[in-house]
Amino acid sequence: MKRLLIVFIGLFTSVMFSQQIMTLQECYNLAIVNYPLAKQSELLEVQNRLEKEVVSNTKRPQLSFDAQATYQSDVIEVPIPSSNIEPLNKDQYRATLSVNQLIYNGGATDASLAVKSSQLKTKQKQVEVNLYQLKQKINQLYFSILLSQETHLLLKAKQEQLQAKLSEVTSGIKYGVILPSSDKVLEAELLKINQQLTEVESNKLSLIETLADIIGQPLNASVHFQNTLVETASTTELNRPELELFQLKKDEIESNEALVTKQNAPKLLGFATGGYGNPGLNMLDNSFQAFYTVGVKLNWNVFDWNSNKKLRESLSINKDIIDTETETFKLNTNTELNQQQKEIEKIEAFIASDLEIIDLRKEVLKSADSQLKNGVITSSAYITELTNLYEDENTLIKHKIQLQLAKANYNVIKGQ
């Protein structure tokens, strides 16, 4: 007997530990990692690294190779008789290799790298915002599954109660206390409950499959979704990722302003050119020669018709536009929060009323149960009262789940 008990406990423990348990927070976390959009953040980082390498390459020596062959209709001749200076060939050849090295550009390269860093942060935050918007969809699916889960338990409880009542009625019919065919009414009701259980399970499976696609995690029909109590955030400040996105957009504009300011700075370059051709640098030597030149070059755009100033003013207007978008977002979000808070208060009032109704229904069902045992009422009348109680209990469950959903949405709207 002890051995059988140990085996039973082992099997029970194995089943308990093998059952998959899912929480709302786990669904959030899995969606952030596994949803296809999440891959963009890593791709953007790789893309940004490549773009910054291209910008950084401007600090390195730039090599260029040129080669040309030409034929001219006329060439320079020295107008001195008997000078024995041969005129240049009309066919000329030249190949050069040039090296240019940026020495100074007013910090424009570093400013360009700062712009790229700002752009990466903005794009990655936009991905985060898009993923955050999945939370309300996850809420809807998660609490719909919870409702199916609780409805299934309630139907099972009703089924057990009817089966127990069917045994009593069958015994009562046998001894002539209860009218014949009363058991048929109960059996028909049990068949209806089986249909309802099948429908609830089918809906639950469909919801689980949809949720599994979003979170990128395989879920089976036996997974247990925890019905944890959701508490609304106590803080009054919004903590939405959209607000961080607005700020990052402003930071990106400021980094662009810094870049625009440096674009008119003087640029100093060193250069060297080596070549081989006919003629070389000595135009009077009509032969193939090697040659080279080295030097420095300064470039400074002194006047640009105020283009740089106007571009900075345009960027400043973009910051003002983002400020208006931020204010609009806060206004709309606070309005949505107020509506959600009123929804929570309404459902809480419904729940208080549901509890009172259920207490009254239980008293009525208790009386109907006694009357059925004594043959005063039919099974149909008893089932009517039982169904009324079941529907009110189902309404209570629905309101409790709706309250949890409303609170979860409130937290998502606030950014908690």
Side-chain angles (χ1 to χ4, degrees), residues 44-45 47-68 70 72-76 92 94-126 244-275 277 279-283 291-328:
L44 287 169
E45 195 165 340
Q47 183 187 50
N48 187 263
R49 185 175 68 248
L50 294 172
E51 290 177 350
K52 289 177 80 171
E53 287 177 1
V54 172
V55 174
S56 297
N57 284 341
T58 59
K59 291 184 176 182
R60 297 179 178 180
Q62 308 296 311
L63 300 177
S64 61
F65 175 77
D66 294 293
Q68 67 176 27
T70 61
Q72 301 177 193
S73 61
D74 202 0
V75 292
I76 297 173
Q92 298 183 5
R94 171 172 290 211
T96 59
L97 179 65
S98 300
V99 180
N100 289 278
Q101 175 63 57
L102 177 66
I103 299 173
Y104 176 78
N105 66 349
T109 301
D110 292 335
S112 295
L113 291 172
V115 169
K116 293 297 181 185
S117 296
S118 297
Q119 287 175 344
L120 175 62
K121 291 178 182 178
T122 303
K123 290 177 181 178
Q124 287 183 327
K125 184 58 69 172
Q126 182 63 64
E244 297 177 33
L245 176 61
F246 291 137
Q247 184 57 50
L248 287 173
K249 285 182 177 180
K250 290 180 69 175
D251 293 343
E252 184 181 339
I253 291 171
E254 288 174 1
S255 63
N256 274 295
E257 285 177 332
L259 175 60
V260 169
T261 302
K262 297 178 184 297
Q263 281 179 342
N264 280 350
K267 295 176 179 60
L268 183 65
L269 297 97
F271 65 90
T273 302
L281 297 182
N282 184 357
M283 300 296 292
F291 59 88
Y292 71 90
T293 58
V294 294
V296 292
K297 181 170 65 173
L298 177 68
N299 178 269
W300 190 5
N301 188 9
V302 179
F303 185 69
D304 66 350
W305 302 96
N306 284 330
S307 296
N308 192 282
K309 179 183 177 182
K310 291 175 181 176
L311 186 55
R312 282 186 279 117
E313 288 176 354
S314 175
L315 289 170
S316 180
I317 291 172
N318 280 339
K319 287 200 291 186
D320 293 337
I321 291 172
I322 291 174
D323 284 336
T324 60
E325 289 178 349
T326 305
E327 291 175 12
T328 303

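Residues: numbered from 1 along the sequence shown.
In this view, T96 satisfies the side chain to side chain donor-acceptor pair (under 3.5 Å) rule with no residue, not counting sequence neighbours. Listed by chain and number, the residues in a side chain to side chain donor-acceptor pair (under 3.5 Å) with Q92 are Q72 (sequence neighbours excluded). Considering only residues two or more places apart in sequence or on other chains, K125 meets the salt bridge (charged side-chain N to carboxylate O under 4.0 Å, His left out) condition with E128, E244. Scanning for ring pair (Phe, Tyr, Trp, His ring centres under 6.0 Å) contacts around W300 gives an empty result, with sequence neighbours left out. Taking T326 as the reference, nothing meets the side chain to side chain donor-acceptor pair (under 3.5 Å) condition, with sequence neighbours excluded. Under the ring pair (Phe, Tyr, Trp, His ring centres under 6.0 Å) criterion, F65 pairs with no residue, sequence neighbours left out. Scored by the side chain to side chain contact (heavy atoms under 4.5 Å, CB included) test, I317 finds I321 as partners (sequence neighbours excluded). D251 is linked by a side chain to side chain donor-acceptor pair (under 3.5 Å) to Q247, counting only residues two or more places apart in sequence or in another chain. Under the side chain to side chain contact (heavy atoms under 4.5 Å, CB included) criterion, A114 pairs with no residue at all, not counting sequence neighbours. Partners of T261 under the side chain to side chain contact (heavy atoms under 4.5 Å, CB included) rule, at least two apart in sequence or in another chain, are R312.
For Q124 (side chain) and T122 (main-chain N/O), no donor-acceptor pair under 3.5 Å exists by modelled atom type. Q101 contributes a side-chain N or O that, together with a main-chain N or O of K59, makes up a donor-acceptor pair within less than 3.5 Å. Not one N or O on the side chain of N256 forms a donor-acceptor pair closer than 3.5 Å with the backbone of V115.
Distance check: F246 CZ to T324 OG1 gives 9.0 Å after rounding to the nearest 0.5 Å. Taking CG from N301 and CG from N308, the interatomic distance works out to 9.0 Å, rounded to the nearest 0.5 Å. In this structure, N48 CG and S117 OG are separated by 6.0 Å, a value rounded to the nearest 0.5 Å. Here CD1 of I103 is found 11.5 Å from NZ of K297. Values are rounded to the nearest 0.5 Å. Atom CG in D320 sits 11.5 Å away from atom CG in L315 (nearest 0.5 Å). Note that the CG atom of L311 and the CD atom of E313 stand 10.0 Å from one another [nearest 0.5 Å].
By the neighbour-count criterion of 12 heavy atoms within 6.0 Å, atom NZ of K319 is densely surrounded, having more than that number from other residues, nucleotides or ligands.
Screening residues 303-324 for ring-ring contact (aromatic ring centres under 6.0 Å, His included), with sequence neighbours left out, gives F303-W305. For residues 264-274, the pairs satisfying side-chain hydrogen bond (donor to acceptor under 3.5 Å, both in side chains) are S98-T273, N264-D304, with sequence neighbours left out.
Contact between K262 and A111 at its shortest, heavy atoms only, is CD-CB, 3.8 Å. Annotation for L113 and K52: closest pair CD2-O, 3.5 Å, computed over non-hydrogen atoms. When all heavy atoms are compared, the tightest approach of L102 to L269 is CD1-CG, 4.3 Å.
Within the 4.5 Å cutoff, the side chain of L120 has no heavy atoms near those of the Q47 side chain. Residues K116 and Q119 meet the side-chain proximity criterion, which asks for heavy atoms closer than 4.5 Å. Here the side chains of I322 and E325 are in contact, with some heavy-atom distance below 4.5 Å.
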